[in-house]
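Naming convention: chains lettered A, B, ... in sequence-line order (proteins, then strands); numbering from 1 in each chain. Keep in mind it's a predicted model, so treat the numbers as computed, not measured.
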Number of protein chains: 2
Amino acid sequence: MARKPPTKPRKNALQERSRVTVDALVEATARILVREGFEKTSTNRIAEIAGVSVGSLYQYFPSKEALVAAVIERHNEEIMGIVRTTLTEVTDMPIEKAVRRLVTVAIDAHRINPELHRVLAEQIPRAGKLDVEAFNREVHAHVRAYFNSHRKEMRKIDLDVATLICVSTIEAVAHNTVLNQAEMLSDKMVRTLVDETTRMVVGFLRPPA
Amino acid sequence: MARKPPTKPRKNALQERSRVTVDALVEATARILVREGFEKTSTNRIAEIAGVSVGSLYQYFPSKEALVAAVIERHNEEIMGIVRTTLTEVTDMPIEKAVRRLVTVAIDAHRINPELHRVLAEQIPRAGKLDVEAFNREVHAHVRAYFNSHRKEMRKIDLDVATLICVSTIEAVAHNTVLNQAEMLSDKMVRTLVDETTRMVVGFLRPPA
DNA sequence: CTATAATGCGAGCATTCACTCGCTTTTCAT
DNA sequence: ATGAAAAGCGAGTGAATGCTCGCATTATAG
């Protein structure tokens with residue numbers, strides 16, 4: 001049953017209860033990151049909260065960073081799932097509807113777990129940099145493709161510049177709305193923000209009247 | 001000569017060479033943050049690079065955070081200086097010119113010390129949070145005031161929403177341009193970005209043609 | 001039932017790091 | 001010149017933390 005030397009199972013080998021252990025560890029890491037901050041997130045504490053020993057932790061994760069990376073990946077997948085779905089739904093919609101939908105989704109995505117998102121946003125530059133860059137590239141590629149296939153509705157403009165500006169804008173508005181304005185977010189306020197952001201982006205892309 | 005009990009001079013008392021020491025410490029902190037990252041920034045290392053002993057460090061800075069905060073403050077002051085000046089210059093300009101100027105300045109400000117800016121952007125949420133919030137509030141207040149006094153050039157729109165969206169947008173474009181697109185920044189590219197961003201923001205604020 | 005592998009354990013090691021304390025050197029008013 | 005205060009020094013301390021290693025427990029196969 002062992003196709004490898006007995007020592008060094010380290011990190012793979014998920015058959016049954018180990019799955020549970022791994023999940024508990026990732027979940028515990030996320031919880032501690034949110035509730036106690038990055039500084040307090042020690043491997044011993046993670047193991048404690050996960051109800052697992054440090055030794056077991058190190059059987060599946062070669063380092064503390066690996067754990068944080070796993071949390072990042074999980075969170076990113078969650079968001080990317082939504083974004084991907086939306087971008088597909090939107091393919092055949094006219095610009096106005098598509099942009100409105102994307103702005104809404106961006107805000108929703110940021111609202112999934114704002115605290116975790118904030119902590120990760122702080123820590124990502126250190127760990128998981130690659131994941132996030134891949135994430136960004138995927139979003140840019142999708143949006144660029146959408147713009148390309150809807151060129152006729154748009155004025156003449158460099159697609160890369162348009163993509164950079166639009167993605168930056170939507171991301172920033174969502175980010176600032178959810179993270180800075182805390183919960184001063186009445187539904188009405190959110191609707192206004194969506195309306196206005198959509199108006200700005202669409203007005204930017206459309207040919208001048 | 002001592003207006004305080006002999007012990008606990010800690011942090012004030014700058015008469016002559018101590019100024020040099022303090023400056024050297026702040027400068028060293030900034031350099032290490034940029035060149036070796038936050039993790040490697042230990043008080044011992046800071047003292048070493050500053051050419052000063054750890055003991056002296058703790059005479060002027062009660063903690064490591066105090067040093068990082070000093071760096072943040074210095075950097076923020078540098079940027080706020082530029083932004084404040086620009087916002088005054090711009091007071092009587094029409095929207096189009098004012099926005100173009102602000103976009104340009106935002107990018108310039110991000111280019112002052114991009115590496116330091118990046119590291120601080122990562123670490124700021126932990127330390128110096130207050131400084132940065134004050135910074136943001138000041139910018140928002142200035143922009144809002146400008147919008148208010150130029151209402152006639154604008155369509156009817158909630159000033160707070162307009163301010164949030166515009167500031168977020170300009171900041172994000174500047175940030176992504178300088179930090180993500182690295183030095184793929186030809187002057188021409190920058191000019192295009194400034195043009196297009198200006199166009200978007202102005203189109204957003206102006207009454208529909 | 002027994003042997004073997006997979007999983008789990010947690011005390012402890014090694015290291016790093018913020019910070020202290022007792023002392024020396026420099027400055028300067030008198 | 002002198003003495004006291006200001007400035008500077010840096011080995012040392014104590015706590016935190018990432019990670020290892022030898023052993024214990026559980027699951028599975030024959």
Side-chain angles (χ1 to χ4, degrees), chain A residues 1-29 32-33 36-71 123 126-127, chain B residues 1-29 32-33 36-71 123 126-127:
Chain A
M1 271 249 157
R3 52 275 285 199
K4 288 246 174 157
T7 14
K8 200 171 138 259
R10 193 66 85 91
K11 204 190 178 192
N12 53 346
L14 317 184
Q15 298 190 343
E16 262 232 42
R17 65 204 212 272
S18 54
R19 277 264 170 69
V20 178
T21 302
V22 169
D23 275 3
L25 285 168
V26 176
E27 182 57 32
T29 306
I32 299 175
L33 279 173
E36 316 192 23
F38 186 81
E39 329 261 36
K40 303 249 169 185
T41 305
S42 70
T43 51
N44 289 314
R45 186 117 184 78
I46 292 172
E48 183 190 329
I49 296 290
V52 154
S53 85
V54 220
S56 300
L57 184 157
Y58 278 97
Q59 264 182 354
Y60 301 108
F61 297 92
S63 71
K64 185 188 176 179
E65 282 67 37
L67 268 163
V68 176
V71 173
Q123 299 311 330
R126 295 224 202 102
Chain B
M1 270 251 158
R3 53 272 287 197
K4 287 251 173 154
T7 13
K8 198 168 138 261
R10 192 67 84 93
K11 202 187 181 200
N12 55 344
L14 318 184
Q15 297 190 344
E16 262 230 41
R17 65 202 212 270
S18 53
R19 278 263 171 69
V20 178
T21 301
V22 169
D23 275 4
L25 285 167
V26 176
E27 181 58 32
T29 306
I32 298 175
L33 279 173
E36 317 192 22
F38 187 82
E39 328 261 36
K40 303 249 169 186
T41 306
S42 70
T43 50
N44 289 312
R45 184 118 184 78
I46 292 171
E48 182 190 330
I49 297 290
V52 154
S53 86
V54 219
S56 300
L57 183 159
Y58 278 95
Q59 264 182 357
Y60 301 108
F61 297 92
S63 71
K64 185 189 176 179
E65 282 67 37
L67 268 162
V68 176
V71 173
Q123 299 311 330
R126 295 225 202 101

How do Ser53(A) and Val54(B) order along DNA chain C: which one's closest nucleotide is nearer the 5' end?
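Looking at the nearest nucleotide for each, Ser53(A) comes out on the 5' side.
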
Nearest whole Å is fine: how far is [N] [atom2] from [X] [atom1]?
X	N	atom1	atom2	value
Phe61(A)	dG8(C)	CZ	P	12 Å
Lys64(B)	dT20(C)	NZ	P	15 Å
Glu39(B)	dG18(D)	CD	C1'	13 Å
Arg19(B)	dA6(D)	CZ	C1'	15 Å
Arg17(B)	dA5(D)	CZ	P	16 Å
Leu57(B)	dA18(C)	CG	P	10 Å
Gln59(B)	dT25(C)	CD	P	16 Å
Lys40(B)	dT15(C)	NZ	P	15 Å

For Thr41(A) and Val68(A), what are the C-alpha separation, side-chain angles and deciding distance, and is it a side chain to side chain contact (heavy atoms under 4.5 Å, CB included)?
CA-CA 10 Å; Thr41(A) 305; Val68(A) 176; 5.5 Å; no

Taking dC9(C), dG8(D), dG8(C) as options, the one with an atom nearest any side-chain atom of Val52(A) is dC9(C)

Partner set under side chain to side chain donor-acceptor pair (under 3.5 Å) for Thr43(B), not counting sequence neighbours:
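Listed in chain order: nothing, the list is empty.
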
Side chain to side chain donor-acceptor pair (under 3.5 Å) with Ser42(B): which residues, sequence neighbours excluded?
none

Counting just side-chain N and O atoms, does [X] come under 4.0 Å of either OP1 or OP2 of [N]?
X	N	value
Thr21(A)	dG8(C)	yes
Ser56(B)	dA7(D)	no
Tyr58(A)	dG10(C)	no

Quick one: salt bridge (charged side-chain N to carboxylate O under 4.0 Å, His left out) pairs with a partner in residues 42-61 of chain A, sequence neighbours left out?
Glu36(A)-Arg45(A), Arg45(A)-Glu48(A)

According to salt bridge (charged side-chain N to carboxylate O under 4.0 Å, His left out), does anything in residues 49-62 of chain B pair up with another residue at least two apart or in another chain? List the pairs.
none

I need the Tyr60(A) OH to Leu25(A) CG distance, nearest 0.5 Å.
9.0 Å

Sorted by chain and number, sequence neighbours left out, side chain to side chain contact (heavy atoms under 4.5 Å, CB included) with Ala28(B) holds for Ile46(B), Ile49(B), Ala50(B)

Do any of residues 41-51 of chain B sit with a heavy atom less than 4.0 Å from DNA chain D, and if so which?
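Contacts with DNA chain D under 4.0 Å: none.
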
